[in-house]
Amino acid sequence: MKAPFERIVSAHGDTVLRVCRFVLGVHDAEDAWSETFLAAMRAYPKLPEDANVQAWLVTIAHRKSVDIIRVRQRGAVAVSEVPDRPSVIGVPDADDGGLTEAVKALPPKQRQAVAYHYLVGLPYAEIAEILGGTTAAARKAASDGIATLRTTFPDALMEAEAR
């Protein structure tokens, strides 16, 4: 018979808070702690009786902490000076010095890996899921694509970086 959820919180609350503090720091740890136990409370009825509850909670805490980091990274970033003109990279019909055409000329997997990682900002693990391969293969495809762009289309990259 499984223990009541209140006992789970009492027994493992400190451990979960330590995990959240380690990943996030003191300020956001309590939010992650709360999110962890809300998610755990919803899933607890389906948890097998022989499950390692502490490991299960640590996994949830880690994922909730990473979610908070991702939200923080998607927020606006303060800069000391606003650029003279906005970047045109990825803007349809904008003059990007040939970079769009250079990326289009890459083999499909390289093109997609470069676009997903460098233009969209997806991590290689997510790119691997989209492309149907391994994380290492996604990283290699992006690396090969950038290497090709640097050797075959150096002017396009220089103009894009200058903007």
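Note that the coordinates shown come from a computational prediction; the quantities given were computed from them, not determined experimentally. We're numbering straight along the sequence, starting at 1.
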Task: Closest heavy-atom pair and its distance - Cys20, Ala32 - done: SG-CB, 3.6 Å

Open item on the list: Under the side-chain contact (heavy atoms from CB on, under 4.5 Å) test against Val58, which residue among Val19, Asn52, Thr36, Val53 passes?
Closed with: Val19

Task: side-chain contact (heavy atoms from CB on, under 4.5 Å) partner of Asp28, chosen from Ile69, Val23, Ile68 - done: Ile68

Open item on the list: So, using salt bridge (Lys or Arg N to Asp or Glu O under 4.0 Å) as the criterion, who are the partners of Asp144 when residues are at least two apart?
Closed with: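 Result, salt bridge (Lys or Arg N to Asp or Glu O under 4.0 Å) vs Asp144: Lys140.
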
Open item on the list: Please determine whether the number of non-hydrogen atoms from other residues, nucleotides or ligands lying under 6.0 Å from atom CZ of Arg72 exceeds 12.
Closed with: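 Result for CZ/Arg72: enclosed.
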
- [ ] Please say whether more than 12 non-hydrogen atoms of neighbouring residues, nucleotides or ligands are located less than 6.0 Å from CZ in Phe22.
- [x] no

Indicate yes or no: at least one non-hydrogen side-chain atom of [X] is less than 4.5 angstrom from one of [Y].
X	Y	result
His62	Ser65	no
Tyr124	Tyr116	no
Leu122	Ile130	yes

- [ ] To the nearest 0.5 angstrom, please state how far the CG atom of Asp50 sits from the NZ atom of Lys2.
- [x] 10.5 Å

Task: Nearest-0.5 Å distance that lies between atom CZ in Arg18 and atom CG in Asp14 - done: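 Between Arg18 CZ and Asp14 CG, I get 6.0 Å after rounding to 0.5 Å.
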
Task: Cluster check Leu38, Leu24: I/L/V/M/F/W/Y, side chain < 4.5 angstrom - done: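 The answer is no; the residues belong to distinct hydrophobic clusters.
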
Open item on the list: Once you measure the plane-to-plane angle for Trp56 and Tyr44, does it fall in the parallel (<30°), tilted (30-60°) or perpendicular (>60°) bin?
Closed with: tilted

TODO: Mind running side-chain contact (heavy atoms from CB on, under 4.5 Å) on Val9 and Trp33 for me, showing each step along the way?
DONE: CA-CA 10 Å; Val9 174; Trp33 184 91; 4.0 Å; yes

TODO: Show your working on side-chain contact (heavy atoms from CB on, under 4.5 Å) between Tyr118 and Ile146 and close with a plain yes or no.
DONE: CA-CA 10 Å; Tyr118 292 99; Ile146 292 295; 3.6 Å; yes

- [ ] Go through the steps for Thr15 and Leu57 under the test side-chain contact (heavy atoms from CB on, under 4.5 Å), then give the verdict.
- [x] CA-CA 9 Å; Thr15 302; Leu57 287 170; over 6 Å; no

Task: Sidechain-backbone polar pair: Ser143 side chain, Arg139 backbone, donor-acceptor under 3.5 Å - done: no

